[in-house]
Amino acid sequence: MAAMALGACAANKPPSMKFTAPAGVETIAHAQVKMRDGVRLGATILKPAAPDGPWPTVLVRTPYKSEFDANGPFFRRLLEKGYAIVQVHERGRFLSEGRPGMLRRAGEDGWDTLDWIALQPWSDGNVATYGCSSSAENQLKLASLNHPAHKAMIAYSAGVGVAEIGPFREQGNFWRGGAWQQGWFNYFIGALQTHWPQLPPGLSDEERQRASTAFSIDNNNPFSQDDYARVRMHLPMIEMDTALGTTETEIKAYLARGPVDPYWSLDRVVDADQIRVPGLWAEALYDISARSTVAFFEKTRRENPDGSHAMVITNGKHCAFGGETAKQKIGDRPIGDPRFDYDGRQIAWLDWWMKGDEAAAKPAHPVTVYMAGANRWMEFDAVPWAGRDPSRTFFLSGGGAANTLKGDGMLVAEAPVAPVADRFTYDPANPVIAHGGEISGMGPDQKDGAFDQRVNEGRPDVLVYTSAPFTEDLAVFGYIEIELFVASDAPDTDFTVKLVDVAPDDTAWNIADSIQRMRYRDGEAKAVFMAPGEVYRITLPPMLAANVFLRGHRVRLEVSSSNFPSYARNLNTAADPYTSISTRIAANEVHHGGRRPSKLVLPVVKLPPR
């Protein structure tokens, strides 16, 4: 696996501020863009002052009030470089017509918007799409349609736009291993109400434009993190929004569909979809978006000519690209200086693909990643995968008492000969509370990032397996495989894992985590329940990491049955976990040694000299 070191980039996106267009820019607010079904979407158009048009155009489709303040410096540079900008509100949002919904008609409405832009007299017919989070997620289905005007895409933190890819059936980051990723319940409450104010029907385009200018709509969220903490244990889970006292959202419909349903692929990409639009991507490892999007990027990269797709992977949070400092932390963990010139890279990408500027710099390698621990940028030709690429295997071991940090759980290089089982009880009424990680919207105790995990490693329902200190650095980048042999006296339960970097002072930084709901161990399409005491071999959804375990550090694996509220609790019964109120305590087991070699497999890479 080719790897190269990169020097630190000094450029850093400044904090968000009120957007002001450069002098001479013409702004058209609330233009009406008609879709194929007659629905009209509201658009803001910015035309550059110079050079004379027609111009290439950057399109941002958004469910939010405005993308201009959050992207002000970049948008100013676009206008100064001779790009027009069009922001379009998705249907049903901020006086756009139609019924709102997450990514609703992302392909159809995106296609019709490209048609509309290409026909405008100020457009030269070349359009790029741009955005982070929802304004990136809605690009993926559109890009898979390969519209002739769609010349480039820039999509950051786009995971909700991916339904299924390889081993990931997250259906837009809503599920993982068959379990609901409950940690972003608050987003549905704050941003996905199903009833929005609308103008009266029957108005002309000009009347709608004038009326839209006369009104301002804000998407207010009256709930605090304390409110979310109050309801996060509510049963039945499908009534959690009702218990909170919110207006109607999509959360009930999402839970009712389950992890396999035709709905998920309507506005999201799947394995069969192919994107031919040249793409600039970015993902952050402390964001639930990363692992499925990086996997779809890798598929897309392999299906396209060299140089037409490139990815940046950071040890950061959702859509925090460009906000880093010279002394950055992810959670509580210091990770050095990960600043990077995203805006310059984006301008060069657009100049190359939109204007044919062969002097514009293109990424030298398709994958650029910031390696925590070593705290340096690296470049790779692909994202490695444990077991397929150079790897290091650690086997779970011990004498049957791996409970807590003081237990006898170990990670060893050779598979133990003697069969052993570690046992713990999991009570849904007392779940392990997440401390950091990838999603944090369900209480004031929830934060994204890396934090000292010893707060949970004293619990008897957390099994702790730790290696000996490393005598040299171990650089890990790529997809991580976990295979466990497990049993339970319950018909259903979860098994959760967490990869941890243990420093010489015993600080235990969480690197990545995963979960497997046992009723879906053979696939999410059909629930298959467990027989009491039978041992099952499971492979959890792969984790994704970019971390250097430095000399003197240790690698640790935590195993439990809850990581809440990042993942919804398993109630340990055969009932529907989202409509049921019945719970039971499960006696769970993790087997290792002999014919049941539970193991952790890490993809390892070489660090070139600085």
**Q** Could you tell me whether a side-chain N or O of Gln198 sits under 3.5 Å from a main-chain N or O of Ser96, the two making a donor and an acceptor?
**A**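 At least one qualifying donor-acceptor pair exists.
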
**Q** Under 3.5 Å, is there a donor-acceptor pair between the side chain of Glu90 and the main chain of Thr62?
**A**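 Looks like no, no N/O pair under 3.5 Å.
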
**Q** Distance-only, no hydrogens or angles: does the Gln225 side chain make a donor-acceptor pair with backbone N or O of Gly443 under 3.5 Å?
**A**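 Here the side-chain-to-backbone pair exists.
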
**Q** Any heavy-atom pair between the side chains of Met442 and Met240 that's under 4.5 Å?
**A**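 In short, these two side chains touch, coming nearer than 4.5 Å.
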
**Q** Picking from Arg291, Glu164, Arg268, what satisfies side chain to side chain contact (heavy atoms under 4.5 Å, CB included) with Glu170?
**A**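 That would be Arg291; it is the only one of Arg291, Glu164, Arg268 passing the side chain to side chain contact (heavy atoms under 4.5 Å, CB included) with Glu170.
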
**Q** Got a sec, which residues hit ring pair (Phe, Tyr, Trp, His ring centres under 6.0 Å) with Tyr64, two or more places apart in sequence or on another chain?
**A**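 Result, ring pair (Phe, Tyr, Trp, His ring centres under 6.0 Å) vs Tyr64: none returned.
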
**Q** Taking ring-ring contact (aromatic ring centres under 6.0 Å, His included) as the cut-off, I'd like each qualifying pair that reaches into residues 99-118, sequence neighbours left out, listed once.
**A**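 Sorted pair list: Trp111-His147.
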
**Q** So which atom in Leu140 and which in Ala155 form the shortest heavy-atom distance, rounded to 0.1 Å?
**A**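 Where Leu140 meets Ala155 most closely, the heavy atoms are CD2-CB, 4.4 Å.
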
**Q** Tell me, which pairs form a disulfide (SG to SG under 2.5 Å) where one or both residues lie in residues 42-104, sequence neighbours left out?
**A**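 Found none.
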
**Q** Would you say the side-chain atoms of Gln328 pair up with the backbone N or O of Thr325, donor to acceptor, closer than 3.5 Å?
**A**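 Looks like yes, one N/O pair under 3.5 Å.
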
**Q** Hey, are the side chains of Gln209 and Ile28 touching, using non-hydrogen atoms and a 4.5 Å cut-off?
**A**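 Yes, side chains in contact.
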
**Q** For Pro56, does its backbone N or O pair with a side-chain atom of Asn126 as donor and acceptor, under 3.5 Å?
**A**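 Side chain of Asn126 to backbone of Pro56, a donor-acceptor pair under 3.5 Å: no, none is there.
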
**Q** Would you check if there is a donor-acceptor pair between the side chains of Asp261 and Tyr254 at a distance under 3.5 Å?
**A**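 Short answer, no.
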
**Q** Mark yes when over 12 heavy atoms from residues, nucleotides or ligands other than Arg36 sit less than 6.0 Å from its CZ; otherwise mark no.
**A**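 Atom CZ in Arg36 is packed in, count exceeds 12.
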
**Q** Aromatic rings Phe185 and Tyr228: how do their planes relate, parallel, tilted or perpendicular, breaks at 30° and 60°?
**A**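 If you compare the ring of Phe185 with that of Tyr228, the planes turn out perpendicular.
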
**Q** If we ignore hydrogens and angles and just use 3.5 Å, is the side chain of Asn71 paired with the main-chain N or O of Phe74 as donor and acceptor?
**A**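 Between the backbone of Phe74 and the side chain of Asn71 there is no qualifying donor-acceptor contact (under 3.5 Å).
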
**Q** For residues 196-227, which residue pairs pass the ring-ring contact (aromatic ring centres under 6.0 Å, His included) check, not counting sequence neighbours?
**A**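 Checked against ring-ring contact (aromatic ring centres under 6.0 Å, His included) - neighbours excluded - the pairs reaching residues 196-227 are Phe94-Trp196.
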
**Q** Side chains of Glu283 and Tyr156: closer than 4.5 Å at any heavy-atom pair?
**A**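 No, too far: nothing below the 4.5 Å cut-off.
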
**Q** Could you note down all residue pairs passing salt bridge (charged side-chain N to carboxylate O under 4.0 Å, His left out) where residues 121-142 supplies at least one of them, sequence neighbours left out?
**A**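 The answer is Lys141-Asp273.
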
**Q** So, the side chain of Thr293 versus the backbone of Gly159: is there a donor-acceptor pair under 3.5 Å, distance only?
**A**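 Side chain of Thr293 to backbone of Gly159, a donor-acceptor pair under 3.5 Å: yes, one is there.
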
**Q** Please check: side-chain N/O of Tyr286 versus main-chain N/O of Gly436, any donor-acceptor pairing under 3.5 Å?
**A**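 No; zero donor-acceptor contacts below 3.5 Å.
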
**Q** Keeping Asn547 on the side-chain end and Ala512 on the backbone end, is there a donor-acceptor pair under 3.5 Å?
**A**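 Not confirmed, Asn547 side chain does not pair with Ala512 backbone.
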
**Q** Please find out if less than 6.0 Å separates the ring center of Phe168 from that of Tyr479.
**A**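 Ring-ring flag for Phe168/Tyr479: true, centres closer than 6.0 Å.
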
**Q** Ignoring hydrogens, what is the shortest heavy-atom contact between His30 and Thr44? Give both atom names and the distance.
**A**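 That closest heavy-atom pairing would be N-OG1, 4.4 Å.
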
**Q** Might you point out which heavy atoms bring Asn510 and Ala450 nearest each other, and give the distance in Å?
**A**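 For Asn510 versus Ala450, the nearest heavy atoms are OD1-CA, 3.2 Å.
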
**Q** Given side chains that start at C-beta, do those of Phe340 and Thr368 come closer than 4.5 Å, heavy atoms only?
**A**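 Yes, close enough: below the 4.5 Å cut-off.
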
**Q** Answer yes or no: is there a donor N or O on one side and an acceptor on the other, between the side chain of Arg230 and the main chain of Asp226, under 3.5 Å?
**A**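 Not a single qualifying donor-acceptor pair exists.
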
**Q** Is it true that Lys317 and Asp287 make a salt bridge, defined as a side-chain N closer than 4.0 Å to a carboxylate O?
**A**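 Salt bridge flag = no for Asp287 with Lys317.
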
**Q** Tell me which pairs pass disulfide (SG to SG under 2.5 Å) where either residue lies in residues 46-96, with sequence neighbours left out.
**A**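 Sorted pair list comes back empty.
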
**Q** Flag the pair Thr57 / Ile85 as yes when at least one side-chain heavy-atom distance between them is below 4.5 Å, and no otherwise.
**A**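 A side-chain contact is absent here, since even the closest heavy-atom pair is not under 4.5 Å.
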
**Q** State, with a plain yes or no, whether a side-chain heavy atom of Val88 is found less than 4.5 Å away from one of Val86.
**A**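 The answer is yes; the side chains approach within 4.5 Å.
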
**Q** Near Lys447 NZ, under 6.0 Å, is it more than 12 heavy atoms from other residues, nucleotides or ligands?
**A**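 Counting neighbours around NZ of Lys447, 12 or fewer heavy atoms of other residues, nucleotides or ligands fall under 6.0 Å, so no.
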
**Q** Please evaluate residues Asp241 and Thr246 with respect to the criterion side chain to side chain donor-acceptor pair (under 3.5 Å), reporting the C-alpha separation (whole Å), side-chain torsions for both, the decisive distance (0.1 Å), and the verdict.
**A** CA-CA 6 Å; Asp241 58 346; Thr246 185; over 6 Å; no

**Q** Which is it for Gln274 and Arg276 under the side chain to side chain donor-acceptor pair (under 3.5 Å) test, yes or no, and what are the steps along the way?
**A** CA-CA 6 Å; Gln274 292 189 343; Arg276 300 300 186 192; 2.7 Å; yes

**Q** Before giving the answer on side chain to side chain donor-acceptor pair (under 3.5 Å), spell out for Thr249 and Gln193 the whole-Å C-alpha distance, their side-chain angles and the decisive distance to 0.1 Å.
**A** CA-CA 5 Å; Thr249 73; Gln193 296 90 347; over 6 Å; no

